[in-house]
Amino acid sequence: MATPFLTLNHIAFHVTNGAALLQELVNKFQFHLFAMRVTETTRQFAVKKGSAVFLVNERPKLGVATAQQKARQEGRLGLIQECTDLSCIPFNHALPIVCPGLDLLYDVCTSCSVDTASNVSFEVEDVGSLYRRLYACGCQILIPPTEVKDDSGCVIYCVIKSIVGNIYHTFIDRSRYTGEFLPGFQVIDSPAMASGLAEITHFDHVTYACPQGSSSQVLKWYEKCFGFQRFQLHEEENAEDGYIISGDGVGLRLTAMQYWTCSKVALSLPLPRKQSDCRFVLAESLPGQGRNQVDTFLEQHGGAGIQHVALYTPDIIATVRTFCCTGVQFVTPPPAYYTETGKEEEIRAAGQDPQLLSQLGVLLDTDVSMKGEGRGCQGMVERRHLMQIFTKPIFSEETFFLELIQRQGASGFGEGNIRALWQAVQAFIDQKEREQSN
Ligand SMILES: O=C(O)Cc1cc(O)ccc1O
Ligand SMILES: [Fe+2]
């Protein structure tokens with residue numbers, strides 16, 4: 001079976017209060033609200049920054065739907081006011097329309113009772129053939145290929161369930177659609193906020209929190225169904241075990257995978273294959289290491305799911321500075337991180353200011369490798385850098401958070417950063433638990 005070419009279209013949330021998450025993404029993370037769909041029972045908001053698009057799905061208000069349907073049948077109700085109060089949207093734009101149809105479009109309602117990021121949606125060339133492949137693989141199909149049209153054309157999409165927790169995937173062929181987002185959405189003509197000093201270009205990776213021992217099965221499923229391939233995060237990583245980081249309170253196994261995307265730059269034959277920009281990381285805790293953030297996620301989320309999404313920024317310093325002013329809260333790395341032997345020199349060698357990084361809580365790791373070795377010439381040391389920071393959880397539970405990442409040549413993850421990020425998240429969770437028990 002030919003490997004399907006995928007392009008990330010959007011990542012969708014399912015939340016109880018869509019307007020609150022919208023506010024957070026727009027006001028704090030400076031995403032731009034560009035399309036929305038409001039029905040009698042549900043609201044869907046699409047926001048973007050660079051090529052990173054989030055879709056905020058508000059859980060349908062089923063009680064309201066039933067009462068309203070009844071009222072309407074009895075001729076007691078015209079347009080429904082209750083669900084269309086969008087006064088919290090920080091833009092002046094035309095009053096929202098009430099679209100026909102009660103359900104969410106391009107998604108399904110997740111059974112998850114807490115707020116969650118649960119759908120990674122891809123653009124594909126041929127939904128029909130992908131659907132046949134997925135059907136043959138025994139995938140659970142939630143919405144078979146379905147056509148949706150509006151004045152700008154039509155798309156075909158299907159939705160399938162991943163084997164990981166509450167994660168779904170929507171596959172969309174939008175080759176016959178010229179609109180901004182997807183049919184059924186009202187495009188919002190609001191000026192994009194100047195991205196200014198907080199530029200995000202794309203999603204760098206999506207990390208799933210998985211139960212212990214499940215990563216290899218998940219990897220096999222994604223390989224079989226979508227042609228994903230293993231991606232090595234670290235040169236010392238073992239093919240069977242993944243990248244294991246343990247000791248000093250850390251007990252983490254990471255396994256990464258990537259999909260193939262068809263380069264849109266040159267569509268000449270042979271069909272160009274390009275590694276995806278966005279990778280998938282499977283994170284599981286190691287046995288016997290005590291309480292930890294992956295298991296906290298599984299407990300509070302009610303099972304496996306998307307633990308975090310990493311947003312790529314070409315200037316992490318400027319982005320973190322801006323986000324601190326807009327009210328984004330970041331976890332604090334262990335203070336010892338910046339005073340470790342050699343860290344200051346390492347940061348300086350990367351062209352960064354150690355004091356500034358420490359003030360902002362940005363982590364920097366270096367991947368050192370030999371270049372030109374074994375070819376008769378003298379090996380040269382090549383240093384590639386990686387800077388990262390994690391936000392505090394976005395919802396009220398210790399579940400989903402965002403990451404900012406800037407890569408300077410390094411394509412994997414460094415152990416120092418993973419340890420420090422783990423400890424930073426753990427310190428936050430432990431502190432919150434202490435506060436709650438007092
Ligand atoms: O960043 C990642 O995708 C992996 C990761 C997960 C986690 O729980 C803590 C640190 C870390 O680097
Ligand atoms: Fe990450």
Side-chain angles (χ1 to χ4, degrees), residues 8 11 52 117 120 164-165 167 200 202-212 214-215 218-219 230-234 236-237 241-258 276-286 289-301 304-313 316 319-320 330-334 337 361-365 367 385-394 397-407 410-430:
L8 204 64
I11 296 177
V120 182
V164 182
I167 298 172
I200 301 292
H202 60 276
F203 292 125
D204 181 89
H205 62 272
V206 176
T207 297
Y208 292 179
C210 299
Q212 276 177 14
S214 67
S215 296
V218 173
L219 174 69
R230 176 77 179 270
F231 171 77
Q232 214 174 341
L233 284 171
H234 197 269
E236 280 158 28
E237 178 182 335
D241 301 335
Y243 186 17
I244 292 186
I245 302 105
S246 68
D248 287 334
V250 186
L252 180 64
R253 181 200 306 279
L254 297 177
T255 312
M257 50 192 195
Q258 63 189 351
S276 64
D277 288 330
C278 182
R279 301 201 162 99
F280 287 76
V281 179
L282 310 174
E284 57 172 85
S285 66
L286 298 175
Q289 311 267 326
R291 286 189 52 73
N292 66 80
Q293 59 208 256
V294 178
D295 296 336
T296 303
F297 178 99
L298 300 176
E299 276 162 37
Q300 299 202 12
H301 184 257
I306 298 177
Q307 182 214 34
H308 72 265
V309 170
L311 304 170
Y312 187 88
T313 170
I316 198 165
T319 304
V320 173
F330 295 100
V331 291
T332 317
Y337 178 87
V362 171
L363 305 172
L364 183 143
D365 230 327
D367 172 14
H385 307 285
L386 171 74
M387 286 178 280
Q388 290 164 287
I389 191 166
F390 281 178
T391 70
K392 288 185 180 169
I394 301 295
E397 297 78 22
E398 265 65 71
T399 51
F400 179 82
F401 58 86
L402 288 166
E403 171 181 341
L404 296 176
I405 185 164
Q406 180 184 352
R407 297 180 182 279
S411 60
F413 290 154
E415 181 174 339
N417 275 17
I418 298 176
R419 281 184 181 281
L421 289 166
W422 173 282
Q423 284 159 357
V425 174
Q426 213 47 53
F428 171 76
I429 295 177
D430 295 347

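Computation of the quantities below employed the complete heavy-atom set of this structure, encompassing side-chain atoms and omitting hydrogens, waters and symmetry-equivalent molecules. Counting starts at 1 for both ligands and their atoms, following the listed order. All residue numbers in this chain count up from 1 along the given sequence.
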Could you walk me through whether E299 and R291 pass the salt bridge (charged side-chain N to carboxylate O under 4.0 Å, His left out) check? CA-CA 11 Å; E299 276 162 37; R291 286 189 52 73; 3.7 Å; yes

Of the listed options (R279, Q293, Q426, Q388), which comes nearest to atom 9 (C) of ligand 1 when hydrogens are ignored and any heavy atom counts? Q293

I want to know if ligand 1 touches W422 in the polar sense, i.e. an N/O pair below 3.5 angstrom. no

Tell me, which protein residue and heavy-atom name are nearest atom 3 (O) of ligand 1, and how many Å apart are they? T207 OG1, 2.6 Å

If you scan protein heavy atoms around atom 4 (C) of ligand 1, the nearest is L254 CD2, 3.7 Å

Let me know which of Q212, R253, Q293 forms a side chain to side chain donor-acceptor pair (under 3.5 Å) with S285. Q212

So, applying side chain to side chain contact (heavy atoms under 4.5 Å, CB included) with I405, which one of L311, T313, L386, L363 is it? L386

Per-atom contacts, ligand 1 versus E403 - under 4.0 Å to a heavy atom: 1 (O)

Side chain of D204, backbone of A310: donor and acceptor closer than 3.5 Å? no

Kindly state whether the ring of F390 and the ring of F330 have centres lying under 6.0 angstrom apart. no

Between Y208 and F280, is a ring-ring contact (aromatic ring centres under 6.0 Å, His included) present by the stated rule, with each step listed? CA-CA 8 Å; Y208 292 179; F280 287 76; 5.8 Å; yes

I'd like to check which ligand 1 atoms, numbered from 1 as shown, lie under 4.0 Å from a non-hydrogen atom of Q307. 6 (C), 7 (C), 8 (O)

Atom of E403 nearest the Fe ion (ligand 2) (restricted to N/O/S, atom name only): OE1

Please verify whether a non-hydrogen atom of F390 lies at under 4.0 Å from ligand 1. yes

Could you check atom 2 (C) of ligand 1 against the protein and tell me its nearest heavy-atom contact, residue, atom and distance included? H308 CE1, 3.3 Å

Please work out which of the three classes, parallel, tilted or perpendicular, describes the rings of H205 and H308, given edges at 30° and 60°. perpendicular

